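These figures come from a predicted structure and were not determined experimentally. Excluded from the calculations below are hydrogen atoms, water molecules and symmetry mates; all remaining heavy atoms, backbone and side chain alike, are included.
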Amino acid sequence: MSSTYTPLGVELMATGENAGTWGTKTNTNLQIFEQISGGYKVQTLNAAGTGANTTALAVSDGSTGATLATRVIILGAVSPQTITGNKIVTIPNDVENFYFIKNSTAGSGHTVQFKTATGGGTTFTWSTSQKDWRVLYSDGAGNIVEISLTTSPAGSNTQVQFNNSGAFGGSDNFTWDGSNVTIGDQGDLRLGDADNSHYVALQAPATVASNVTLTFPATDGDADQALTTNGSGTLAWTTISGGADWQAVKTTTYTAAAGQGVFANTTGGAWTLTLPSSPSAGDFVSVIDYAGTFDTNNLTIGRNGKKIQGATADLTVGTERAGFTLVFVDDTQGWLLQNN
């Protein structure tokens with residue numbers, strides 16, 4: 001009876017044959033076993049030309065060196081081999097083995113497919129952009145199956161993955177679309193303190209009529225400034241007034257700035273308090289009779305080119321202990337009186 005061979009080329013010798021050569025054949029078989037378990041092979045894909053073609057990995061019965069009887073295979077070259085067409089690599093249908101295989105080709109727009117000779121079962125194809133290692137198993141029945149070394153991601157597309165009891169987890173409420181992170185269902189963005197015992201959270205309101213995007217300033221503001229919006233979501237640092245900026249007591253001619261409060265003392269005689277020259281809507285100046293002498297020594301409010309109460313005349317104040325605020329509206333009415 002003659003020897004037979006396995007699909008990977010190992011010689012199975014019949015009883016009583018190969019007298020005198022049995023040891024040599026056994027050593028060859030051991031070398032094939034070693035090659036199958038840990039061998040390394042570079043397989044060029046351009047032997048039949050650089051374009052689209054097929055490279056068949058054949059068995060080498062009873063001898064070493066067959067690419068399909070190695071564990072690690074580099075398709076192309078160690079320094080990537082340029083191909084100009086799609087490549088197909090085949091192995092015999094009856095081979096049962098698993099491989100570590102790298103697509104080491106260069107050249108854009110071309111795939112590399114690994115399959116059995118007849119191609120009737122499942123196959124594996126590196127896409128045009130996949131230049132990487134894969135673990136592939138040939139089941140001896142015509143199928144090539146990729147062995148995944150990681151757990152598949154959980155959930156649907158765009159969901160951010162997290163550890164869920166030792167496995168991947170995903171949630172519709174935590175997604176990333178490549179540009180934006182979304183926390184759904186009014187979830188918090190929580191910033192923990194040093195020992196994570198407490199946190200500060202940002203949360204959306206229960207109902208939002210339309211999308212709101214807040215754009216922060218590019219730089220920090222000054223001390224005591226607050227963030228304000230322009231009504232379209234652009235934030236800016238703004239000085240917020242807590243009321244009038246009260247000045248030291250004034251006893252003689254003085255020009256007030258917008259937002260100032262003036263304690264006016266006319267004990268020494270009447271004098272003029274001049275309003276700002278270029279006011280904006282909402283600017284104000286507050287005035288208080290410091291010594292209760294406006295009735296004997298009047299205070300004149302100089303309009304400085306703008307109207308007061310719609311009139312083109314200065315305002316004379318002669319009421320003892322008067323206290324009032326003038327607020328600028330526009331050029332038509334000018335400064336209007338607001339009683340304190």
Roughly how far, to the nearest 0.5 Å, is the [atom2] atom of [Y] from the [atom1] atom of [X]?
X	Y	atom1	atom2	answer
I301	L326	CD1	CG	6.5 Å
I144	T116	CD1	OG1	6.0 Å
N29	L12	CG	CG	7.5 Å
T300	F294	OG1	CZ	10.0 Å
Y5	M13	OH	CE	9.0 Å
S3	W22	OG	CH2	11.5 Å

With no hydrogens and no angle check, do the side chains of [X] and [Y] hold a donor and an acceptor under 3.5 Å apart?
X	Y	answer
Q260	D245	no
N93	T118	yes
Q159	S156	yes
T111	T128	no
N103	R134	no
E96	Y137	yes
T44	Q81	yes
S197	D195	yes

Quick check: does any side chain N or O of [X] sit under 3.5 Å from a backbone N or O of [Y], one acting as donor and the other as acceptor?
X	Y	answer
N164	A167	no
Q35	G65	yes
T175	D172	no
T274	G302	no
T84	T50	yes
D193	Y199	no
T82	G107	no
R321	Y290	yes
S104	G76	no
D94	G140	no

Worksheet item: Can you tell which of H110, K87, K131 makes a side-chain hydrogen bond (donor to acceptor under 3.5 Å, both in side chains) with T105?
Response: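 Only one option passes, and that is K131.
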Worksheet item: Does the ring centre of W126 sit less than 6.0 Å away from the ring centre of F124?
Response: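 Centroid distance F124-W126: below 6.0 Å, so yes.
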Worksheet, complete the sentence: For L273 and A256, the nearest pair of non-hydrogen atoms, with its separation, is CD1-CB, 4.1 Å
Worksheet item: What are the two closest non-hydrogen atoms of P7 and V59, and how far apart are they?
Response: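 It is O-CG2, 3.2 Å.
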Fill in: Heavy-atom side-chain proximity of F114 to T125 below 4.5 angstrom
no
Worksheet item: Is the closest side-chain heavy-atom distance between L68 and Y99 below 4.5 Å?
Response: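 Counting from C-beta outward, L68 and Y99 do come under 4.5 Å.
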Tell me whether [Y] is reachable from [X] by hopping between hydrophobic residues (I, L, V, M, F, W, Y) whose side-chain heavy atoms are closer than 4.5 Å.
X	Y	result
W237	L235	yes
V181	V160	yes
V135	I73	no
I308	V329	no
Y40	F100	yes

Worksheet entry | I74/K41 under side chain to side chain contact (heavy atoms under 4.5 Å, CB included): CA gap, chis, key distance, verdict | CA-CA 6 Å; I74 293 180; K41 192 78 170 181; over 6 Å; no
Other residues, nucleotides, ligands: >12 heavy atoms within 6.0 Å of [X] [atom1]:
X	atom1	answer
D224	CG	no
D177	CG	yes
D185	CG	no
Q186	CD	yes

Discussion item. Among residues at least two apart in sequence or on other chains, which ones pass side-chain hydrogen bond (donor to acceptor under 3.5 Å, both in side chains) with K115?
Written reply: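 In terms of side-chain hydrogen bond (donor to acceptor under 3.5 Å, both in side chains), with neighbours along the sequence ignored, K115 is linked to no residue.
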Worksheet item: Who are the side-chain hydrogen bond (donor to acceptor under 3.5 Å, both in side chains) partners of T54, not counting sequence neighbours?
Response: none
Discussion item. For K306, is there an ion pair with D331 - N to carboxylate O distance below 4.0 angstrom?
Written reply: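 Looking at K306 together with D331, the answer is yes, because their closest N to O distance falls below 4.0 Å.
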Discussion item. Under the criterion ring-ring contact (aromatic ring centres under 6.0 Å, His included), I'd like the reasoning laid out for W246 against F263: C-alpha separation, chi angles, the key distance, then a yes or no.
Written reply: CA-CA 8 Å; W246 289 98; F263 298 107; 4.8 Å; yes
Worksheet item: Under the side chain to side chain contact (heavy atoms under 4.5 Å, CB included) criterion, do L299 and D289 qualify, and how do the steps go?
Response: CA-CA 9 Å; L299 178 71; D289 180 3; over 6 Å; no
